[in-house]
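Written below as structure tokens is the structure these notes are about.
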2 protein chains.
Amino acid sequence: MEMAGRSSGDGETGERWTVASLARRAGVAASTVSRALRDDPRISPEVRARIAALASEVGYTPNVLARSLVGGRSGLIGLVIGPVENPLYAALLQKAVSRAALRGWRLLLVHAGAGPIEQATADSLLQYRVDGCLITSAQLPSRVATICRANGVPLVMVNRVAWEHGSAVSCDNRAGGALLADLLVRAGHRRLAVVRGGPATSTSLERTEAFAAHVVAAGLPAPLVLGGANSHAMGYATGEAVAAMGAGERPDGVMCASDLLAMGVVDALRERGLRVPDDISVVGMDGTEPALRAPYYLTTVAQPLDDMLERAFDLLQDRMRGVPRADELVLLRGELILGRSARLPADLAGDAFPGQSRMDA
Amino acid sequence: MEMAGRSSGDGETGERWTVASLARRAGVAASTVSRALRDDPRISPEVRARIAALASEVGYTPNVLARSLVGGRSGLIGLVIGPVENPLYAALLQKAVSRAALRGWRLLLVHAGAGPIEQATADSLLQYRVDGCLITSAQLPSRVATICRANGVPLVMVNRVAWEHGSAVSCDNRAGGALLADLLVRAGHRRLAVVRGGPATSTSLERTEAFAAHVVAAGLPAPLVLGGANSHAMGYATGEAVAAMGAGERPDGVMCASDLLAMGVVDALRERGLRVPDDISVVGMDGTEPALRAPYYLTTVAQPLDDMLERAFDLLQDRMRGVPRADELVLLRGELILGRSARLPADLAGDAFPGQSRMDA
DNA sequence: TCCATTTGTGCAATCGATAGCATGAATTCC
DNA sequence: GGAATTCATGCTATCGATTGCACAAATGGA
């Protein structure tokens, strides 16, 4: 019953069509088929049309594996991504997939998650001869970086700085941290705290350091340093600890290294009966969607993910073309989003509409 | 300066090592190298050790593209996944990646998101000669299914039923819906509502239909049908609508087709001053992590994602081995999680500890 | 009318790894 | 000690697509 719907190379069953079988069927040489399908001007229009018609009639699909064997490029980009439970990585993944498709690249999903990358996994980058590699994991994947360097695979990192090798595109985390510090200080907060993410993640360090430096420069005591991992659970635990402090020592403003942490902090504070922002202001950083909506309406600095990925892919493409280029670090400015999770300075009070009023960071 | 760290085929710069260059260097034939590296017993232990040492010394990596050209299998699995902003898909992605690595498969990330799949994207499944395909998108990707069938590519769907072709692994959504209905009815709710997801998604339909049927069977009026898309925004809008209803007509129990919807409903209800579960009970389905923690502590039916993926990969593997097998539909039972978002029947009241007390659905 | 181009195709090698078959050497058996 | 194996390895074709080069036909000019 399936016979009619089944078409196969040379009319036999089960085999896929190849340039060779198409050539036999069309009565030409394989090279002619190849050239015709690639619109080589040396093939006469009639032959080209005839072969194109035949190919689409039988549903021929070129074998990219064979093509890349001779051509040298696989069309594959290795993708290493952080834990996608974090909405930031989810957004990055989504955008990376659609942008890669636009450029005709396919993504080899090498790793997703918080853990380190296994050797066997990292090896697949070479085994499949990826043309480039995109890393968005905060965890330092030194193994992948090393492999890429040793084998001349272009490497671009997003949302983290490159420590040894490769280019990177990142949000200007220091500027964002300073901006948030300025916001809280101007709103009259006096006892501040920072909630840090993972100790080895550049984003967390840059954000909290810049925040602390700015606070100190404003003449306030150095912020209390809390946290130490980038998760809702850590934010929640930190929020509980803050809520347990006496009213006299408790910070009145908390800056979190990520929206994920900020959501945890807010959840814990509210669970303990504290009001945000009336009792404590909480600000985050990333601008992920769940943090911008109910029940958080977080004041945060949004990363320009679209621009970041576009730049990252540009960097990759340049290097994939073989032009030797030095590694670059591209910083893009984030966008301050005034939500309802932090008291505002008097001069901004009119702007306090969640997700509506924004200003450049 | 980089010279020392740079190693390449045949000692020339820039070229990667191949079996041929290794063979020349070792003074043997290419086939010997190939066999030695694959632990062919016909190669003498000495030669094998010598070649293995050389290969690891120069960092040889086999070209999988070339291997699959002759071997017929690429080791690639095509992955089509739904919008990973939804924590359910994020969890599925994460688990799929690690499980695939365990089996030595690599994932070609074909599509991620809610939109339909473009032809060019779907074609890459054939171009890269994927050995199989895993679909977890609720959106009916008929194009991919058609392509897979026409080309004999094994296809397994997770979290949705197969409409035309391919096997499927899913949570028993009807049983889950009935279980939630039973829970709400026994807890004394009388005016119920369901919030549906996308109109074309099998999971949403099965869950809400079974819920409604069970409610009616219990002698209560048919639940109010709300919603119509699987998003937090739709849940929120529905929650607002429910909150706006008069106290006499407002449902006292709401069953949502997903945790994402349930979170939106809870957020809106609370924003409007209603208490959950004191004023209204809300239950969801999926068991995603954000719904289980503060501030939701949702009562829900958790999908056994690990088991589902394991079964899905088993199904794929069987069919990839070439053994012809009929399509299967595998249903796995979900796990009821008693949170704090719904009033409990009297006989279960002691079990109301979030995320702790569970029972099979 | 004959040679020099231009134009369209075919032949054969190539990419890297694998597998069937052949070959030479080492071993065993009677 | 010679023949029959066993064993280790080499030679070569193969997978599917691409590409340099050769070659034939068609066209042009003188």
Side-chain angles (χ1 to χ4, degrees), chain A residues 8-10 12 14-52 55 58-75 123 126-131 151, chain B residues 8-10 12 14-52 55 58-75 123 126-131 151:
Chain A
S8 35
D10 268 336
E12 306 156 42
E15 297 298 319
R16 294 198 192 161
W17 286 87
T18 67
V19 281
S21 61
L22 281 177
R24 241 171 295 147
R25 174 77 166 269
V28 296
S31 51
T32 302
V33 172
S34 172
R35 285 192 259 257
L37 293 177
R38 297 173 69 75
D39 283 327
D40 189 310
R42 295 183 302 178
I43 301 298
S44 67
E46 304 81 49
V47 174
R48 198 189 315 178
R50 188 159 54 90
I51 294 179
V58 303
Y60 166 74
T61 315
N63 185 334
V64 178
L65 276 46
R67 174 183 297 165
S68 51
L69 190 58
V70 49
R73 33 185 16 85
S74 62
D123 282 344
L126 298 180
Q127 294 172 340
Y128 284 92
R129 296 296 190 261
V130 297
D131 296 333
N151 292 275
Chain B
S8 34
D10 268 337
E12 306 156 43
E15 297 299 318
R16 294 198 191 161
W17 286 87
T18 67
V19 280
S21 61
L22 281 177
R24 241 171 295 147
R25 173 76 167 269
V28 297
S31 51
T32 302
V33 172
S34 172
R35 284 192 261 257
L37 294 177
R38 297 171 68 76
D39 284 327
D40 189 310
R42 295 183 301 177
I43 301 298
S44 67
E46 305 81 44
V47 174
R48 199 189 314 177
R50 188 160 54 90
I51 293 179
V58 303
Y60 167 75
T61 315
N63 185 334
V64 177
L65 275 46
R67 175 182 297 166
S68 51
L69 191 58
V70 49
R73 33 184 16 86
S74 62
D123 281 344
L126 298 180
Q127 294 172 341
Y128 284 92
R129 296 296 191 262
V130 296
D131 296 334
N151 292 275

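Lettering of chains follows the sequences in order, A, B, ..., and the numbering in each one begins at 1. Just so it is clear, the values below take in all heavy atoms, side chains as well, and ignore hydrogens, waters and symmetry mates.
Whole-Å rounding puts the B/L22 CG to D/dT9 P distance at 16 Å. Protein atom CD1 of B/I43 is 16 Å distant from nucleotide atom P of C/dA17, rounded to whole Å. Look at CD1 on A/I51: it is 8 Å from P on C/dG10, rounded to the nearest Å. One can place CZ of B/R73 at 13 Å from P of C/dA19, the figure rounded to the nearest angstrom. For the pair B/R48 CZ and D/dC7 C1', the computed distance is 13 Å after rounding to whole Å. One atom, CZ of A/R42, and another, P of D/dC23, lie 16 Å apart when rounded to the nearest Å. B/D40 places its CG atom 17 Å from the P atom of C/dA17, with the value rounded to the nearest Å.
Under the 4.0 Å criterion applied to side-chain N and carboxylate O atoms, B/R42 and B/D40 are assigned as salt-bridge partners.
The two atoms that bring A/R48 and A/D39 nearest to each other are CD-OD1, 3.5 Å, heavy atoms only. The two residues A/T61 and B/Q127 make their nearest non-hydrogen contact at CG2-CG, 3.4 Å. Across all their heavy atoms, B/Y128 and A/S74 have their closest contact at OH-O, 2.7 Å.
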Which pairs, protein N/O on one side and nucleotides 14-18 of chain D N/O on the other, fall under 3.5 Å?
{"from": "D/dG16", "atom 1": "N2", "to": "A/A66", "atom 2": "O", "distance (Å)": "3.3"}
{"from": "D/dA17", "atom 1": "OP1", "to": "A/Y60", "atom 2": "OH", "distance (Å)": "2.5"}
{"from": "D/dA17", "atom 1": "OP1", "to": "A/N63", "atom 2": "N", "distance (Å)": "3.1"}
{"from": "D/dA17", "atom 1": "OP2", "to": "A/V19", "atom 2": "N", "distance (Å)": "2.5"}
{"from": "D/dT18", "atom 1": "OP1", "to": "A/R38", "atom 2": "NH1", "distance (Å)": "2.8"}
{"from": "D/dT18", "atom 1": "OP1", "to": "A/R67", "atom 2": "NE", "distance (Å)": "2.6"}
{"from": "D/dT18", "atom 1": "OP1", "to": "A/R67", "atom 2": "NH2", "distance (Å)": "3.2"}
{"from": "D/dT18", "atom 1": "OP2", "to": "A/S34", "atom 2": "OG", "distance (Å)": "2.8"}

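Between the side chain of A/S34 and the backbone N or O of A/A30 there is no donor-acceptor pair closer than 3.5 Å.
The residue A/V33 sits apart from the nucleic acid: no heavy atom pair falls under 4.0 Å.
Here B/T32 does not reach the OP1 or OP2 of D/dT9: none of its side-chain N or O atoms lies under 4.0 Å away.
Atom CD1 of B/I51 is separated from atom OG1 of B/T32 by 6.0 Å, given to the nearest 0.5 angstrom.
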